[in-house]
Amino acid sequence: TDAVGGVWQYATTLAQVLCDRHAAQVLLVVCGPEPGRERLGSLPLGIRANGGSMELESLPIPLEWDGAATDADLLEGRKALLRLALAWRAHVLHVNEHHLGALGSEGLPVLLASHSDLCSWEEAMGGSAAAVRPVYLRRVRAGLAGAAMVVAPSGSVANALCAQYGYLDVVRVIPNGVLEAPALDIGGGSVDAVMAGRLWDPAKNLATYSEAVSGLSDRRFLAIGPRGTDDPPGLTGHDGNIEYTGPLSNQEVWATLRRT
């Protein structure tokens, strides 16, 4: 997984459920930038009473969508991940980066979860999939071809894999899930609306949220998440009538939603 966006929530939730409910031994491997303290603070690492466990490792594998990685960089990253999987005697490798599906050619069962892709992102932003570099297309196609199973959180994502990359095998749609909300003793609503996500990403559409609430000066609106890719975790403040909280832990997000 990576620790940049929502896939972190997806991967850590899945890992926790596998450990707690199914006694699985899970090694969570982070590629790209290492997770910050606000993410690690709520991560329940360690051995469970039922025999399950969750451990964390980081590998210097560049993210495929940032455009900076060479084929050699990604190949070395895949080799490092394969060595780790073999050392752990892993039964299955669950990956969220398309190119990592190519590890299936080494004989290890790989489940590839596709959450988004650059071609569909470009089109959603009003651009053209033709702007995506051919090397990215080649890497995604190789990963899809190598995986033993491909899943997506929605029909839209599944259809994009077929339309943009010519993938003709089965894509199983498994909607994302969340853990049960913790029992919190919180008073009545004090927040009128909340937006949460990577606020710097145009696809998350902070502009529409800002426009929608701009004339409601007597109401309280929150935006949760980083406002820029290099923002420190504690960056907060106001812009118009929106209060920016910066990134919050899962518990803090639940508490905020209970006040909404």
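By the salt bridge (Lys or Arg N to Asp or Glu O under 4.0 Å) test, Arg139 is found to be paired with Asp71, residues two or more places apart in sequence or in another chain being considered. In this structure, the side-chain contact (heavy atoms from CB on, under 4.5 Å) partners of Ile174, at least two apart in sequence or on a different chain, are Val151. Shown here are the salt bridge (Lys or Arg N to Asp or Glu O under 4.0 Å) partners of Arg83, two or more places apart in sequence or in another chain: there are none. Listed by chain and residue number, Glu243 satisfy the side chain to side chain donor-acceptor pair (under 3.5 Å) test with Arg220 (two or more places apart in sequence, or in another chain). The side chain to side chain donor-acceptor pair (under 3.5 Å) test applied to Glu64 returns His98, not counting sequence neighbours. A search for salt bridge (Lys or Arg N to Asp or Glu O under 4.0 Å) contacts involving Glu106 returns nothing, not counting sequence neighbours. Under the rule for a side chain to side chain donor-acceptor pair (under 3.5 Å), Ser128 has no partner lying at least two apart in sequence or in another chain. In terms of the side chain to side chain donor-acceptor pair (under 3.5 Å) criterion, Arg219 has no residue partners (sequence neighbours excluded). Residues forming a side-chain contact (heavy atoms from CB on, under 4.5 Å) with Ala196 (at least two apart in sequence, or on another chain): Ile224. Not counting sequence neighbours, Arg78 has no partner by the salt bridge (Lys or Arg N to Asp or Glu O under 4.0 Å) test.
The main-chain N or O of Trp65 is never found under 3.5 Å from a side-chain atom of Tyr136 such that the two would form a donor-acceptor pair. At distances below 3.5 Å, at least one donor-acceptor pair connects side-chain atoms of Asn50 with backbone N or O atoms of Asp20. Between the side chain of Arg39 and the backbone N or O of Ala3 there is at least one donor-acceptor pair closer than 3.5 Å. In terms of modelled atom types and a separation under 3.5 Å, the side chain of Asp73 and the main chain of Ala69 share no donor-acceptor contact. Under a 3.5 Å cut-off, the side chain of Arg48 and the backbone N or O of Gly46 do form a donor-acceptor pair. Checked by atom type and distance alone, the side chain of Tyr209 never pairs as donor or acceptor with a backbone atom of Ala223 at under 3.5 Å.
Environment of CD in Glu252: crowded, with over 12 heavy atoms of neighbouring residues, nucleotides or ligands closer than 6.0 Å. The neighbour count for Arg21 CZ, taken as heavy atoms of other residues, nucleotides or ligands under 6.0 Å away, does not exceed 12.
Side-chain contact between Leu84 and Glu57 is present, with at least one heavy-atom pair separated by less than 4.5 Å. Looking at Val140 and Tyr167, their side chains never come closer than 4.5 Å, going by heavy atoms from C-beta outward. Contact annotation: the side chain of Val26 never approaches that of Leu14 to less than 4.5 Å [non-hydrogen atoms, C-beta and beyond]. A 4.5 Å side-chain heavy-atom check between Pro153 and Pro175 finds every atom pair outside the cut-off.
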Tell me, with the steps shown, if Leu59 and Val30 meet side chain to side chain contact (heavy atoms under 4.5 Å, CB included).
-> CA-CA 6 Å; Leu59 290 177; Val30 181; over 6 Å; no

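Under the side chain to side chain contact (heavy atoms under 4.5 Å, CB included) test applied with Trp8, the options Thr13, Asp2, Leu43 reduce to a single match, Leu43.
Summarising the geometry of Ala152 relative to Val171, their closest heavy-atom pair is CB-CG1, 3.9 Å, with the distance given to 0.1 Å. Of all heavy-atom pairs between Leu137 and Cys119, the closest is CD2-SG, 3.3 Å.
Listed by first and then second residue, the side chain to side chain donor-acceptor pair (under 3.5 Å) pairs involving residues 85-96 are Tyr10-His94, Asn96-His115 (not counting sequence neighbours).
A side-chain donor from one of Glu123 and Gln164 sits under 3.5 Å from a side-chain acceptor of the other. Remark: the Ser120 side chain and the Asp117 side chain contain an N/O donor-acceptor pair separated by less than 3.5 Å.
Hydrophobic clustering, with ILVMFWY side chains joined whenever heavy atoms are under 4.5 angstrom apart, groups Leu103 together with Leu144.
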Listed pairs under 3.5 Å, donor-acceptor, residues 210-218 side chains, sequence neighbours left out:
{"unit_1": "Ser210", "atom_1": "OG", "unit_2": "Leu206", "atom_2": "O", "d": "3.1"}
{"unit_1": "Ser214", "atom_1": "OG", "unit_2": "Glu211", "atom_2": "O", "d": "3.0"}

